[in-house]
Amino acid sequence: MAVIDRLLAPESSFQRRFFFLAQRFVAGESARDAMNAIEQLNADGMTATLDFLGEDIFERDVARRTRDEYLELLALIRERGVRSNVSVKLTALGLHVDEELAFENLCSIALEARRNADPFVRVDMEGSAAVDATLRLVERVRAQYDNVGPVLQAYLKRTPGDVEAAIAARVRVRLCKGAYNEPPELAFKDMPTIRRQYMRLAESLLTRGTYPGIATHDERIIDAIKEFVDEHGIARDAFEFQLLYGIRPEIQKQLVADGYRVRIYVPYGTHWAGYFYRRIMERRENALFVLGSLVKK
Ligand SMILES: Cc1cc2nc3c(=O)[nH]c(=O)nc-3n(C[C@H](O)[C@H](O)[C@H](O)COP(=O)(O)OP(=O)(O)OC[C@H]3O[C@@H](n4cnc5c(N)ncnc54)[C@H](O)[C@@H]3O)c2cc1C
């Protein structure tokens, strides 16, 4: 384990040498790299949400440094005048150390974000063990700062209840399928069922929710959403499609051309291994792309 930890440490020469593989999914290692990527997205008619990569932090100091990075990032967004908000992970803000630490850090970020043109702070959803704590902290922070909202995952069996609670509380939700390997007791495992649940939840959020983020690259879902909003007379500025940086850029541009709002999730930073791993595991062709790049090197 110690060897793996050393290999995957951000400052290790192994990570430095292999960053070129992650570059398709990660905007860069610094906030300034990310700003350049966002300027291009803004020029193409899209907004962004910035994620400073990192998760599963177990040290108080590191969690505070992550908070500070977000505070600087929010100032940089203001200074550069880019159209972007931020996405955070509570395990990067100290959830494993102490729930109060994550709460305080999220409050600081939400307060600072209120100075920005787009003050919204999205709280990413992590593995199922973190769902209750994440929703609890979002609710607590929202009692003081209402510019915060969670992600809900359509693969989890519990999510219909969480969607109804979010609708009742008028919270902005990002709906995604879910990216973690969950047990069958907690999550649907087959794609048709996940798609069906995604559509049902998206329909509830679109008709009764507050400015939902429809986060997917699944063309079947995207087409069904377009049809649904047309049939129900839902305005194109009442929701947004959200996609990941570097994935299906042709769909991103087509949605903008068709008059939909599009937000791109832009990760940056040196802790790219976990994020990169999830993107690789999602798609066989990504693993092949990585192998191909290694062979070409
Ligand atoms: C903006 C955004 C935010 C997200 N936030 C979270 C979060 O907070 N928590 C969480 O658990 N998950 C999150 N996810 C990930 C999500 O849960 C899925 O794992 C991911 O989006 C793949 O599902 P899909 O709906 O795109 O459909 P899929 O059926 O997986 O993909 C549809 C098509 O999109 C393309 N595609 C999808 N993924 C990839 C990829 N990795 N590489 C290349 N092509 C790909 C392929 O062409 C594929 O056929 C987020 C996703 C998005 C778009």
Side-chain angles (χ1 to χ4, degrees), residues 21-27 41 46-51 53-56 84-92 95 120-131 134-135 138 148-156 158-159 162 172-182 186-199 201-202 212-225 239-252 254-255 260-267 272 274-290 292-293:
L21 291 173
Q23 259 172 338
R24 185 177 149 200
F25 306 107
V26 175
L41 293 170
M46 298 174 231
T47 56
T49 186
L50 263 169
D51 167 41
L53 286 164
E55 54 200 287
D56 289 334
S84 182
N85 59 33
V86 294
S87 288
V88 301
K89 283 189 174 52
L90 289 184
T91 67
L95 187 62
F120 193 69
V121 177
R122 175 70 65 196
V123 182
D124 286 347
M125 193 56 84
E126 303 178 68
S128 54
V131 174
T134 302
L135 295 177
V138 168
V148 174
V151 176
L152 296 177
Q153 298 155 321
Y155 64 9
L156 289 185
R158 61 175 283 166
T159 300
D162 293 332
R172 266 169 71 169
V173 168
R174 172 198 295 153
L175 182 66
C176 66
K177 283 183 184 164
Y180 296 80
N181 190 13
E182 300 293 353
L186 300 180
F188 298 114
K189 303 300 268 184
D190 66 302
M191 197 48 90
T193 310
I194 296 171
R195 271 207 190 95
R196 266 199 305 281
Q197 169 131 302
Y198 191 107
M199 271 314 293
L201 299 174
I214 303 297
T216 183
H217 317 90
D218 186 328
E219 278 175 282
R220 273 197 253 180
I221 292 183
I222 292 174
D223 289 345
I225 297 280
F239 69 101
E240 59 189 29
F241 283 112
Q242 299 186 349
L243 298 95
L244 300 176
Y245 181 79
I247 296 185
R248 306 301 302 268
E250 73 292 353
I251 298 186
Q252 303 176 2
Q254 190 56 51
L255 286 168
Y260 295 98
R261 290 191 173 185
V262 177
R263 185 178 302 277
I264 305 300
Y265 184 101
V266 179
W272 45 264
Y275 180 85
F276 179 57
Y277 176 75
R278 281 196 294 282
R279 300 292 80 81
I280 294 298
M281 295 313 284
E282 249 159 21
R283 292 278 128 206
R284 200 164 59 98
E285 58 267 35
N286 287 348
L288 295 175
F289 158 81
V290 168
S293 309

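Computed over heavy atoms, backbone and side chain alike; hydrogens, waters and symmetry mates excluded. Whatever order the structure lists them in is the order used to number ligands and atoms, beginning at 1. In this chain, residues are counted from 1 in sequence order.
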According to the interplanar angle, ranging from 0 to 90°, do the rings of Tyr260 and Phe239 count as parallel (below 30°), tilted (30 to 60°) or perpendicular (above 60°)?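 Because their plane-to-plane angle lies in the 30° to 60° range, the rings of Tyr260 and Phe239 count as tilted.
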Kindly indicate whether the side chain of [X], heavy atoms from C-beta on, has any atom under 4.5 Å from the side chain of [Y].
X	Y	value
Glu126	Thr134	no
Ile225	Thr216	no
Asp124	Glu55	no
Arg158	Leu186	no

Any carboxylate oxygen within less than 4.0 angstrom of a Lys/Arg side-chain nitrogen, looking at Glu240 and Arg263?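 Arg263 and Glu240: salt-bridged.
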salt_bridge(Asp56, Lys89) N-O dist < 4.0 Å: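 So Asp56 does not pair with Lys89 through a salt bridge.
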[options]: member with heavy atom nearest to [atom]:
atom	options	result
atom 2 (C) of ligand 1	Leu175, Leu244, Ile264, Ile221	Leu244
atom 28 (P) of ligand 1	Glu219, Lys177, His217	Lys177
atom 17 (O) of ligand 1	Pro150, Gly246, Gly178	Gly178
atom 24 (P) of ligand 1	Leu243, Thr216, Val266	Thr216
atom 1 (C) of ligand 1	Arg122, Arg263, Gln242	Gln242
atom 44 (N) of ligand 1	Val151, Ile222, Leu156, Ile247	Ile247

With backbone taken as N, CA, C and O and side chain as the heavy atoms from C-beta onward, which portion of [X] lies under 4.0 Å from ligand 1: side chain, backbone, both, or neither?
X	value
Gln153	side chain
Arg278	neither
Tyr198	neither

Distance-only N or O hit between ligand 1 and [X], under 3.5 Å:
X	result
Arg195	no
Tyr180	no
Met191	no
Arg24	no

Sidechain-backbone polar pair: Thr159 side chain, Gln153 backbone, donor-acceptor under 3.5 Å: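 Yes; judged by distance alone, with no hydrogens or angles, the pair exists.
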Any donor-acceptor pair under 3.5 Å linking the side chain of Arg174 with the backbone of Ile214?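 No, the answer is negative, given that no donor and acceptor are paired below the 3.5 Å cut-off.
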Measure the CZ-CD1 distance between Arg220 and Ile222 for me, rounded to the nearest 0.5 Å.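 Between Arg220 CZ and Ile222 CD1, I get 12.5 Å after rounding to 0.5 Å.
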Which of the numbered atoms in ligand 1 are below 4.0 angstrom from a heavy atom of Asp124?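 Listed by number with element, the hits are 8 (O).
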May I ask whether Lys89 has any heavy atom positioned less than 4.0 angstrom from an atom of ligand 1?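 For ligand 1, residue contact (heavy atoms, under 4.0 Å) with Lys89 is absent.
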